[in-house]
Amino acid sequence: MLIELKGVHKTYDNGQPLHVLKGIDLSIEKGEFVSIMGASGSGKSTLLNILGILDNYDEGEYHLAGKLIKNLTEREGATYRNQMIGFVFQSFNLIGFKTAVENVELPLFYQGVNRHRRREAAMAYLEKMGLTDWASHYPNEMSGGQKQRVAIARALITHPEIILADEPTGALDSKTSVEVMELLTRLNREDGVTIIVVTHESGVANCADKIVHIKDGLIEKIEDNRQHHSSVFGTKTIMK
Amino acid sequence: MRHRLDIDTFREIGDSLFRNKRRTLLTGFGIFWGLFMLLFLVGGGNGLKQMLSMNFEGFATNTIVIISSNTSKPWKGMKEGRYWQLDRKDVERLRTLMPELDVVAPQVSNWGQTATYKGNSSSVSIKGISGDYHKVEAPLLKYGRTISEADVEQERKVCVIGKRVYNDLFPEGDDPCGRYIQVGSVFLRIIGVDYSSGNISINGSASESVMMPFSVAAQLYKRGNNVDIICMTGKKGVKMSTLEGRIRSILSREHLFDPTDDQAVMVLNTEQIFSIVDNLFRGVNFLIWLVGIGTLLAGAVGVSNIMMVTVRERTVEIGIRRAIGAVPRDILSQIIWESVALTLAAGSTGIVFSVLILNVVEALTKHQAAFQISFWTAILAALLLSVLGVLAGLAPALRAMKIKPVDAMRDE
Ligand SMILES: Nc1ncnc2c1ncn2[C@@H]1O[C@H](COP(=O)(O)OP(=O)(O)OP(=O)(O)O)[C@@H](O)[C@H]1O
Ligand SMILES: [Mg+2]
């Protein structure tokens, strides 16, 4: 089991406590493609942040690759994020004053990889994303789809086992959404990367083999979607 | 994980400074201005001090000059307000009664005279001086020699002229020694030219003086035994201010005035003047450093403040860095190095700029005085800057360290 959650609770306390996750049990195997769906405010992003060790939880247990993720030091957390997990966000979260290639190589900078090898690796991933010509452009000179592909290249450069994506198509039109999802699907099929995608769009969710439905901080049901028949709009489109 | 300071770290810092130019300029200006002001004021203060000190050029620092004046207290039946006069016997008396004195040099003077040479004329003040006067006010001889004891004894009709007099009378500017100038009804042979620019106006400044033997001047202006002023210097190690009382009492005994009558003898003590000027500039210097360092500190606080705001603006950026593998120490050192780099760059610009401006000031004052700051002042300033840079970066860096990876998810 790559990911194992047992009775995970999370309460935000900004003056007034808000119990967001109310006992999540979830197991994800290596190489799975999972999507998480649910109403706005149901706790999807909160769950994903916990999975990515971006945030901590209050109760329960989270095992990542057999290791209990609890009370980690900043350094341990950073190491796990850097080496096991790649992040893709709805708003891309590229650094504005860095070019595409500089953004992609940044995780390697924090690993202490030298400049030359960083640049080489970053260019290889940009090429994979079909963005070679855009390497020295700044994010504000690129389209949403291009930015999201740069972000995916950045997530992939450390060869993570897991990619966590929070509404990766949320800011894209349907055509680029399809492209991005095809990219993620190929990564899952060909390279065996475990992929977890939070989304509102049934078309996006339909790419996954397993759909986790969350309601009010609890898992409502886990749907087997290996047939990819979940989308009411058909299998090959993403309806916006 | 990495924890080295290498070229990449500095490239990272350079990038975030250079690619956010407006932010960088805004932040650096305070430091630039602070350092510029500090060094400019320090340099300017030194230059002014030198220019003021030039007024005392050549003057022995342990000189007492006495001048007779009206009495201000009644004494032995005589009314106050009586005038008395120094004379040659006083000179002898002071010499014999006060062995601590090195030189006792009498002087007679006559202001507002005119000296002429071949149609050129110059308004001058005449000083009749003794052969040892040069020990009181050192001349800066461009040509010839000073008045000697022999000149005084033999009443030779010779003179030493000051710089301005020389320029007026000899505009072509060659050696005038041996020529004769006319002052009043007498012709005097020039034996020297004094270029000293000292400006202590005890009897007119050196540059507009015609100095002749004391005996000649006394005869020429029919002074008899009278003496206008007596200049005295002490032997080595003698503090002149301690002698003042005895000088007054010797004179009061002879000239019959109250020894406690301070106004009857005007005493000028250069030691006092020098110490006043010294104290003045010590005060000015203190103020300069106070104001300068204050400005500098304000600059540093400014840097700190703006970086604080910057860190808040960069929350998402820093969150992203944390999410993709930066540890808090990476962030801490990045912010502190940014602050140090910024402070040093802005500060060095301030140093260079102040050096340039001080050079201009020096040129404008025709290089009369050195306005430039010393090498060590600059080094000290640079050290101060580095410390300031670290301090200014500390608070923002600590705040940046508190940014959590999850903050990367925050939408702006
Ligand atoms: N940092 C936080 N502090 C306090 N409350 C928070 C914080 N982050 C999220 N919440 C609250 O927790 C609840 C769940 O938030 P979460 O972002 O997980 O929802 P979500 O399912 O991702 O919703 P959406 O589909 O709109 O993105 C919401 O009510 C939200 O207001
Ligand atoms: Mg969300």
Side-chain angles (χ1 to χ4, degrees), chain A residues 10 12 45-46 48-50 52-56 72-99 102-116 118-119 138 151 154-155 157-158 160 164 166-167 170-171 198, chain B residues 1-25 27 310-311 313-335 337-338 342 397-412:
Chain A
K10 171 81 180 174
Y12 288 115
S45 298
T46 306
L48 202 74
N49 291 345
I50 289 171
I53 325 179
L54 295 175
D55 210 348
N56 46 19
L72 295 188
T73 64
E74 294 280 8
R75 177 169 301 256
E76 283 171 325
T79 308
Y80 276 107
R81 284 193 297 273
N82 186 268
Q83 292 179 354
M84 288 197 67
I85 305 168
F87 295 96
V88 178
F89 306 106
Q90 172 177 4
S91 45
F92 321 123
N93 287 8
L94 300 175
I95 293 177
F97 61 83
K98 287 178 173 292
T99 61
E102 287 168 345
N103 265 289
V104 174
E105 65 182 30
L106 200 56
L108 295 185
F109 170 72
Y110 287 114
Q111 281 185 3
V113 175
N114 79 42
R115 188 175 176 75
H116 180 69
R118 248 157 48 201
R119 191 47 61 98
Y138 290 94
R154 182 179 64 187
I157 198 162
T158 54
L164 299 177
D166 196 349
E167 303 189 37
V198 165
Chain B
M1 285 259 156
R2 46 173 289 110
H3 267 309
R4 305 168 268 132
L5 273 184
D6 53 19
I7 184 134
D8 280 338
T9 314
F10 287 110
R11 218 183 275 268
E12 194 63 29
I13 290 154
D15 277 359
S16 76
L17 289 179
F18 277 114
R19 293 186 187 169
N20 298 286
K21 288 197 187 64
R22 210 177 62 91
R23 190 176 85 193
T24 303
L25 286 180
T27 318
T310 305
V311 162
E313 272 173 9
R314 291 168 73 181
T315 301
V316 170
E317 177 206 324
I318 291 168
I320 294 170
R321 288 177 188 272
R322 295 279 282 112
I324 61 181
V327 292
R329 248 186 74 181
D330 288 326
I331 305 296
L332 179 87
S333 72
Q334 171 163 2
I335 300 292
W337 278 109
E338 275 184 33
L342 190 63
L398 288 177
R399 169 179 282 200
M401 243 174 84
K402 295 219 181 79
I403 293 175
K404 296 258 171 306
V406 71
D407 292 325
M409 315 286 289
R410 227 185 252 171
D411 265 338
E412 279 311 276

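No hydrogens, no waters, no symmetry mates; every other heavy atom, side chains included, goes into these values. Throughout, a chain's letter reflects where its sequence line sits, starting with A, and its residues are numbered from 1. Every value quoted in this text rests on a predicted model; they were computed, and no experiment measured them.
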Do any N or O atoms from the side chain of B:D330 and from the backbone of B:V327 form a donor-acceptor pair under 3.5 angstrom?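 Yes; judged by distance alone, with no hydrogens or angles, the pair exists.
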Verify the distance criterion only: is there a donor paired with an acceptor across the side chains of A:D166 and A:S45 at less than 3.5 Å?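 Short answer, yes.
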Any side-chain donor near an acceptor of the partner, A:Q111 and A:T158, under 3.5 Å: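 A:Q111 vs A:T158: no donor-acceptor pair found between side chains.
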Portion of [X] that has a non-hydrogen atom of chain B nearer than 4.5 angstrom:
X	answer
A:Y138	side chain
A:I85	neither
A:F87	side chain

Among B:R314, B:K404, B:E12, single out the residue with the greatest number of heavy-atom pairs under 4.5 Å to chain A. B:E12
Should A:T79 and A:R75 count as side-chain neighbours, where that means a heavy-atom distance under 4.5 Å? yes
